[in-house]
Visitor: 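Encoded as structure tokens, here's the structure I'll be asking about.
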Amino acid sequence: MSKLQMSKLQETFLSGLSDIYDAERQLVKALPKMEEAAENESLRSGFEMHLSETKNHVARLDEVFDQLEEKPKKKTCKAMQGLIEEGSEVIEEAQGDAALIAAAQKVEHYEIAAYGSLQSWAEVLGLDEVAQTLQQTLDEEKSTDEKLTQLADMVNSEEAEPADTGANPE
Ligand code: FE
Ligand code: FE
């Protein structure tokens, strides 16, 4: 993109890309902690799988910046910082899998919103190849969100049972 005459939307697009780039990199560090904290086996492997997808999301963004002949701006995604901080509280306080899934879904919804905007901006800007790349990531975020919803159905009903205090052995 020509730096001399960048449109407002091109600038918005570039800073949005830089923001989600930082967000994805924060997630690469945070997801292993969530995996470790998960009790449910399927949830653990879900986090493991999404970690490798997330690494790929970073790689795709590198590709996008290359295609645009741009570099990511140094930017901290404060929203993701906050979401991860809340996730850390869930882990520290051992709130359990239902709370962990909710924290993870808040992250996915943030990503879905971000990639949704980025994808449509890329289309408007006539960046078809970039738009397709962003769409791939958007699809993966959506399917992760759906998988988390399915896992929540299982975990929520387990956690809805009265806690076993071990006080009444039979
Ligand atoms: Fe992602
Ligand atoms: Fe994600």
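First listed ligand is number 1; within each ligand, the first listed atom is number 1. Side chains included, hydrogens not; waters and symmetry mates left out as well; all remaining heavy atoms used.
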Visitor: List the atom pairs, with distances to 0.1 Å, where a side-chain N or O of residues 56-65 and a protein N or O form a donor-acceptor pair under 3.5 Å, not counting sequence neighbours.
Guide:
| from | atom 1 | to | atom 2 | distance (Å) |
| --- | --- | --- | --- | --- |
| His57 | ND1 | Glu24 | OE2 | 3.2 |
| His57 | ND1 | Glu141 | OE2 | 3.0 |
| His57 | NE2 | Glu53 | O | 3.4 |
| His57 | NE2 | Glu140 | OE1 | 2.7 |
| Arg60 | NE | Gln136 | OE1 | 3.4 |
| Arg60 | NH1 | Thr137 | OG1 | 2.8 |
| Arg60 | NH2 | Glu140 | OE2 | 3.0 |
| Asp62 | OD1 | Tyr21 | OH | 2.7 |

Visitor: Please tabulate, one pair per line, all N/O donor-acceptor pairs under 3.5 Å involving side-chain atoms of residues 72-90, not counting sequence neighbours.
Guide:
| from | atom 1 | to | atom 2 | distance (Å) |
| --- | --- | --- | --- | --- |
| Ser88 | OG | Ile84 | O | 2.9 |

Visitor: Which value, rounded to the nearest 0.5 Å, describes the distance between Gln135 atom CD and Leu118 atom CG?
Guide: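 One gets 11.5 Å once the value is rounded to the nearest 0.5 Å.
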Visitor: At a cut-off of 2.8 Å, list the protein N/O/S atoms near the Fe ion (ligand 1), residue plus atom name.
Guide: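 Sorted hits: Glu24 OE1, Glu24 OE2, His57 ND1, Glu111 OE2, Glu141 OE2.
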Visitor: Kindly compute the distance separating OH (Tyr115) from CH2 (Trp121), expressed to the nearest 0.5 Å.
Guide: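 With rounding to 0.5 Å, OH (Tyr115) is 13.0 Å from CH2 (Trp121).
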Visitor: State, with a plain yes or no, whether a side-chain heavy atom of Leu127 is found less than 4.5 Å away from one of Phe13.
Guide: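 Yes; the side chains approach each other to less than 4.5 Å.
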Visitor: May I have the list of side-chain donor-acceptor pairs in residues 32-41 shorter than 3.5 Å, sequence neighbours left out?
Guide:
| from | atom 1 | to | atom 2 | distance (Å) |
| --- | --- | --- | --- | --- |
| Asn40 | OD1 | Ser42 | N | 2.8 |
| Asn40 | OD1 | Leu43 | N | 3.0 |

